[in-house]
Amino acid sequence: MNWRHIPVVKHPCADLLIIQLAGILIYPFLGDQPLGRALFSTLALFVLVLAVMAVRMTPALNWVSAILGLPVVVLTIWEAISPGAESVVLWSSVFHAAFYFYTGYALLSYMFADHVVTTDELYATGATFTVVAWGFAYVYLAVDIVWPDSFSVVASPLDAKAWFEMLFLSVTTMTSTGLSDIYPIRPHARSFVMIEQIAGMLYLALVVARMIALTVTRTAIRDEKSD
């Protein structure tokens with residue numbers, strides 16, 4: 001079966017980006033009730049399916065995403081059934097982070113595989129950014145469970161289950177906007193935050209700059225041919 005003939009995966013990176021951005025907007029409306037968490041878990045599973053589809057179209061090895069994806073699915077469902085179990089949240093965060101980082105690596109391989117910029121590769125620029133941000137959010141969640149009170153919100157300890165707050169910290173850290181009122185207060189937390197700051201800087205300097213340069217070159221060549 002050719003996945004590219006299915007409309008929803010014609011541009012898998014665009015689908016992945018849209019779903020993740022939609023998740024950010026939808027999450028506040030779900031609240032902290034079991035039903036809300038279950039709905040968000042379902043949305044997260046859908047995101048993972050799209051991520052796997054995107055990875056399958058890259059040079060990265062498919063079996064790696066399958067090995068990482070299976071425990072992610074099981075642990076996501078387990079979290080929805082048994083909310084509040086820290087051991088489940090910890091392992092779920094670890095596997096989620098590994099899966100999203102691998103997906104980010106696969107998308108980077110996809111973008112750097114050739115010297116021709118396609119529409120889906122442009123979407124991959126945004127999708128990779130959000131995928132890595134989600135990965136670090138799960139890293140922070142795991143860090144706060146292993147080393148309690150690693151993060152603070154206006155001088156108050158942050159609830160280790162506040163994943164959305166961790167995502168807010170991750171996005172503001174990776175974009176270097178400095179708008180987050182959440183900050184690391186322990187050495188392990190600060191080390192991971194510094195790693196994400198460096199990753200965000202390198203992403204702009206290497207990936208985004210390369211895609212812009214290739215896009216400008218493609219436009220210049222097209223204009224020359226039309227003249």
Side-chain angles (χ1 to χ4, degrees), residues 8-30 39-58 60 64-65 68-69 72-73 76 92-112 117-143 162-180 182 192-193 195-212 215:
V8 74
V9 293
K10 183 178 181 181
H11 296 299
C13 295
D15 299 329
L16 176 57
L17 176 60
I18 291 171
I19 291 298
Q20 287 188 289
L21 294 179
I24 292 175
L25 295 176
I26 293 172
Y27 188 89
F29 294 98
L30 300 180
L39 289 174
F40 187 77
S41 296
T42 302
L43 175 63
L45 289 177
F46 185 49
V47 171
L48 293 175
V49 170
L50 290 175
V52 171
M53 288 181 177
V55 169
R56 285 178 60 87
M57 297 181 186
T58 71
V64 177
S65 62
L68 292 174
V72 165
V73 171
T76 300
S92 178
S93 299
V94 170
F95 278 101
H96 270 86
F99 184 87
Y100 279 114
F101 286 145
Y102 172 74
T103 303
Y105 156 75
L107 291 173
L108 285 174
S109 299
Y110 175 44
M111 288 186 288
F112 279 80
V117 179
T118 64
T119 301
D120 194 58
E121 285 176 345
L122 291 176
Y123 284 121
T125 305
T128 304
F129 187 92
T130 57
V131 161
V132 173
W134 281 45
F136 273 105
Y138 283 110
V139 168
Y140 298 153
L141 191 59
V143 167
W163 178 85
F164 193 65
E165 282 72 18
M166 296 299 191
L167 180 60
F168 181 66
L169 170 63
S170 179
V171 171
T172 55
T173 298
M174 195 161 178
T175 56
S176 300
T177 55
L179 298 176
S180 181
I182 306 169
F192 282 107
V193 168
I195 292 297
E196 185 175 15
Q197 288 173 331
I198 295 171
M201 178 188 66
L202 291 176
Y203 187 79
L204 290 175
L206 300 178
V207 180
V208 176
R210 179 180 185 273
M211 298 301 290
I212 292 176
T215 302

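These numbers come from a predicted model, not from an experiment.
Contact check for Tyr203 versus Thr125: side-chain heavy atoms found under the 4.5 Å cut-off. In this structure the side chain of Leu16 reaches within 4.5 angstrom of the side chain of Leu107, judged on heavy atoms.
Annotation: the span from Phe164 atom CZ to Leu167 atom CG amounts to 6.5 Å, rounded to 0.5 Å. With values rounded to the nearest 0.5 angstrom, Tyr100 atom OH is found 5.0 Å from Trp134 atom CH2. Here OH of Tyr105 is found 7.0 Å from OH of Tyr102. Values are rounded to the nearest 0.5 Å. Separation of atoms CE (Met166) and OG1 (Thr173) is listed at 11.0 Å; rounding is to 0.5 Å.
Under the rule for a ring pair (Phe, Tyr, Trp, His ring centres under 6.0 Å), the partners of Phe101 that lie at least two apart in sequence or sit in another chain are Phe136. With sequence neighbours excluded, the residues forming a side-chain contact (heavy atoms from CB on, under 4.5 Å) with Ala14 are His11, Tyr123, listed by chain and number. Among residues two or more places apart in sequence or in another chain, the side chain to side chain donor-acceptor pair (under 3.5 Å) test is passed with Ser170 by Glu196. Every side-chain contact (heavy atoms from CB on, under 4.5 Å) that Thr175 has, sequence neighbours left out, goes to Phe129, Val171, Thr177. Applying the side-chain contact (heavy atoms from CB on, under 4.5 Å) test to Thr130 and every residue at least two apart in sequence or in another chain returns Leu17, Gln20, Leu21. With sequence neighbours left out, Ser92 forms a side-chain contact (heavy atoms from CB on, under 4.5 Å) with Leu75, Glu79, His96.
When every heavy atom of Gly135 is checked against every heavy atom of Ala97, the shortest pair comes out as O-CB, 3.6 Å. Taking all atoms of both residues into account, the shortest heavy-atom contact from Gly104 to Val131 is N-CG1, 3.6 Å. Nearest heavy atom pair, residue Thr76 against residue Val72, reads OG1-O, 2.6 Å.
Tested against Trp163, the residues Tyr138, Phe168, Tyr140 include a single ring pair (Phe, Tyr, Trp, His ring centres under 6.0 Å) partner, Tyr138.
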